[in-house]
Amino acid sequence: MYQSFQLTLPPDVALDDAAFQQHVVRHLGLQQAETLTIRKLKQSIDARSRQVKVNVTLEVYADEVAPPAIAYQKSYPDVSQKPTVVIVGCGPAGMFAALRLIELGYKPIVLERGKDVRARRRDLAAINKEHIVDPDSNYCFGEGGAGTYSDGKLYTRSNKRGDVRRILEILVAHGATEQILYDAHPHIGTNKLPPLIADMRESILQAGGEVHFNTRVADFILDNQSETMRGVITSDGKEYVGLGVILATGHSARDIFELCHQRGVYIESKPFAVGVRIEHAQSLIDSVQYHCADRGAYLPAASYSLVTQTRVNGVQRGVFSFCMCPGGFIVPAATAPGELVVNGMSPSRRDSRFANSGMVVSIEEADLKPFAKFGPLAGLELQKKIEQKACAITGGGQVAPAQRVQDFIKQRTSGSLLETSYQPGLQSLDLREYLPPHIAEPLRLGLQDFGKKMKGYVSNEAQLIGAESRTSSPVRIPRDRETAEHIQTKRLFPCGEGAGYAGGIMSAALDGTFVAECLVKLYGK
């Protein structure tokens, strides 16, 4: 017997595996079944009313063999002697591009400026404890990319851009729990991602692909007459050539944007956003979202999403939450000495006492006029200026400027700050010392609006920590919509967040898969 149906259950039933199984057995009267498989297909929390419920879609196989939960098999052909493709960057876009190339019978050569996922940990400890920023190994650079040690959220709205289920199954095949297959907002967690990333690397290597760490691209091999990219040259002088180059460097690889500009590879400025991280006690967010003083043992740490429009001096600007991390931590995400950047992350259990989120303001074209001489790199220069100023006002290390929320709204420096998850420490300052007025004033107005939407969200029991400036790439490397090839430079395939075509682990993975397929379709042998 096979059945598929929906249930609406209280959290202590839906989110406790044993209680859930027992409920389904009783519900269907299956106590006598000799073989039984109960499998969730979709699960979402409905907290719109005061009584929180969980909606579950499930399937049941009774007295018959259930098919495997995932169709994807971790079985790859030997591509060691096959035609090569160069991939720059070992984040989700680069790794999923590599796996797809292997499936299609091509050998990926992955070049990563940072270290392997395990070795990165020492450099993350150094930035947190000693304020030492390694420009090639940090929260943004290294195996697995920025998402590995700065969260692991898998939610995406990019369903039309590829097979989301396939990406999730590949992650499960490499060590993720099957829960990511049915959760409405799946999440792996920074503590669980590193071994999964290492296992994906092993799949690439065992199939005959190559992965080179501590290997930074310093130049392109370009045929200027035919405007064709043949490969790349690394900082140690080695050349890597192939059928094409997939550029999957992430949104913080500023040297690659500058190299493109210098070498005549067309790039353009794109919209992005800048602001702060806002940090609350997780218990406050839980009480607002779940309408109760204590969320109990079964409900996960609550999250939120906020957006509004403001108008300052006749200019309308969006203000919105970004990368909300329930039960998480704020981390230092600078990629060079003299910068101060913060980001958020959550462990798999989301059990920190703190909740944090980016709270950012959209950058408009007029904001870039003072940086017009930098051409398409104008947004990058604005980003740099804000990060460098935030760093300078606290002494040049990774201590972050901070201000209680109501104090920021009332434009006064906080007399004291709250406890924080941010390890390098905080210094009380008026954030307007580094935030330009066209960001600070919309942020002030946006926070006031959010305080009306979420009771208790705006108070001096929350604080703002800056600078949150790496929301997305300030540059786009344009490509053909159908072929994914650069609009001018042949055999160059811009990919993922750094090229302006993704905004998280899932969308980057989908884009890496898409670009690999496009390259093979155009230039495969």
Side-chain angles (χ1 to χ4, degrees), residues 127-128 131-133 135 138-140 251-255 257-258 269 271-279 312-313 317 319 322 330-344 356 358-374 377-405 407-409 411-414 417 420 422-444 446-447 463-475:
I127 192 172
N128 273 297
H131 302 209
I132 297 171
V133 181
N138 44 62
Y139 276 96
C140 292
H251 60 44
S252 291
R254 291 169 170 169
D255 56 336
F257 299 144
E258 292 163 354
S269 182
F272 65 109
V274 171
V276 295
R277 280 260 148 193
I278 185 168
E279 187 170 58
V312 177
N313 297 326
R317 290 181 190 268
V319 181
F322 170 81
I330 298 177
V331 298
T335 54
E339 300 173 350
L340 198 143
V341 184
V342 295
N343 197 356
N356 73 80
M359 187 57 63
V360 295
V361 178
S362 59
I363 297 296
E364 303 298 327
E365 190 173 339
D367 304 331
L368 304 181
K369 287 184 179 179
F371 305 91
K373 67 179 181 180
F374 296 101
L377 300 177
L380 187 153
E381 292 300 321
L382 170 62
Q383 201 182 51
K384 277 186 190 177
K385 181 179 179 181
I386 290 171
E387 294 170 4
Q388 290 168 356
K389 196 167 185 179
C391 184
I393 62 175
T394 59
Q398 292 302 302
V399 172
Q403 194 170 8
R404 296 198 190 206
V405 172
D407 290 338
F408 175 78
I409 290 172
Q411 303 186 48
R412 64 192 182 200
T413 302
S414 299
L417 296 172
T420 182
Y422 184 71
Q423 286 189 30
L426 305 178
Q427 183 175 333
S428 179
L429 290 164
D430 186 337
L431 299 187
R432 290 166 183 79
E433 289 190 38
Y434 83 88
L435 286 175
H438 57 77
I439 295 173
E441 184 58 16
L443 180 60
R444 187 179 74 86
L447 285 167
Q463 59 193 359
L464 306 176
I465 298 168
E468 167 62 276
S469 49
R470 304 287 179 94
T471 56
S472 66
S473 173
V475 171

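In what follows, residues are counted from 1 in the order of the sequence shown.
- How far CD1 of I363 is from CD1 of I439: 4.0 Å, rounded to the nearest 0.5 Å.
- Of the possible donor and acceptor atoms, none in the side chain of S428 sits under 3.5 Å from a partner among the backbone N and O of L417.
- Separating the CD1 atom in I278 from the CD atom in Q463 is a distance of 9.5 Å, to the nearest 0.5 Å.
- The two residues G275 and V360 have their closest heavy-atom pair at N-CG1, 3.7 Å.
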Go through R444 and R432 one step at a time and tell me if the side-chain contact (heavy atoms from CB on, under 4.5 Å) criterion holds. CA-CA 11 Å; R444 187 179 74 86; R432 290 166 183 79; 3.5 Å; yes
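- With Q383 contributing its side chain and S469 its backbone, the two residues share a donor-acceptor pair below 3.5 Å.
- Residue V361 comes nearest to P442 through the heavy atom pair CG1-CB, 3.9 Å, listed as atom of the first residue, atom of the second, then distance.
- With rounding to the nearest 0.5 Å, the separation of CG in L382 from CG in L368 is 6.0 Å.
- For the pair R470 and F272, the cation does not sit on the ring face, since its NZ or CZ is not both under 6.0 Å from the ring centre and inside 45° of the axis.
- With 3.5 Å as the limit, one finds no donor-acceptor pair spanning the side chains of T335 and R254.
- Of the possible donor and acceptor atoms, none in the side chain of S414 sits under 3.5 Å from a partner among the backbone N and O of D407.
- Looking at heavy atoms from C-beta onward, K385 lies in side-chain contact with F371 at the 4.5 angstrom threshold.
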I'd like to know whether N343 forms a side-chain contact (heavy atoms from CB on, under 4.5 Å) with E468, so could you lay out the CA-CA distance, the side-chain angles of the two residues, the decisive distance to 0.1 Å, and finally the verdict. CA-CA 6 Å; N343 197 356; E468 167 62 276; 4.0 Å; yes
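- Nearest heavy atom pair, residue L340 against residue G397, reads CD1-O, 3.9 Å.
- Rounded to the nearest 0.5 angstrom, I127 CD1 and Q423 CD are separated by 11.0 Å.
- Note that OH of Y422 and CG of N128 are 7.5 Å apart. Values are rounded to the nearest 0.5 Å.
- For N356 against G344, the heavy-atom pair with the smallest separation is OD1-CA, 3.6 Å.
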Given the rule in the side-chain contact (heavy atoms from CB on, under 4.5 Å) test, do L377 and F257 qualify, once you have shown the distances and angles that lead to the verdict? CA-CA 8 Å; L377 300 177; F257 299 144; 3.9 Å; yes
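- V276 places a side-chain heavy atom less than 4.5 Å from the side chain of Y434.
- At a threshold of 4.5 Å between non-hydrogen side-chain atoms, the residues I393 and Q427 do not count as touching.
- The distance from atom CZ of F322 to atom OG of S472, rounded to the nearest 0.5 Å, is 7.0 Å.
- Side-chain atoms of Q398 come within 3.5 Å of backbone atoms of E339 as a donor-acceptor pair (strictly under, hydrogens ignored).
- Of all the heavy atoms in C140 and S252, the pair that sits closest is SG-OG, 3.7 Å.
- Using a cutoff of 4.0 Å between basic side-chain nitrogens and carboxylate oxygens, E387 and K384 are not scored as salt-bridged.
- Within the 3.5 Å criterion, the main-chain N or O of H438 finds a donor-acceptor partner in the side chain of R317.
- Checking side-chain atoms of E381 against main-chain N and O of A372 turns up no donor-acceptor pair under 3.5 Å.
- Taking both residues in full, the closest heavy atoms of A402 and I465 are given as CB-CG1, 4.0 Å, listed atom of the first, atom of the second, then distance.
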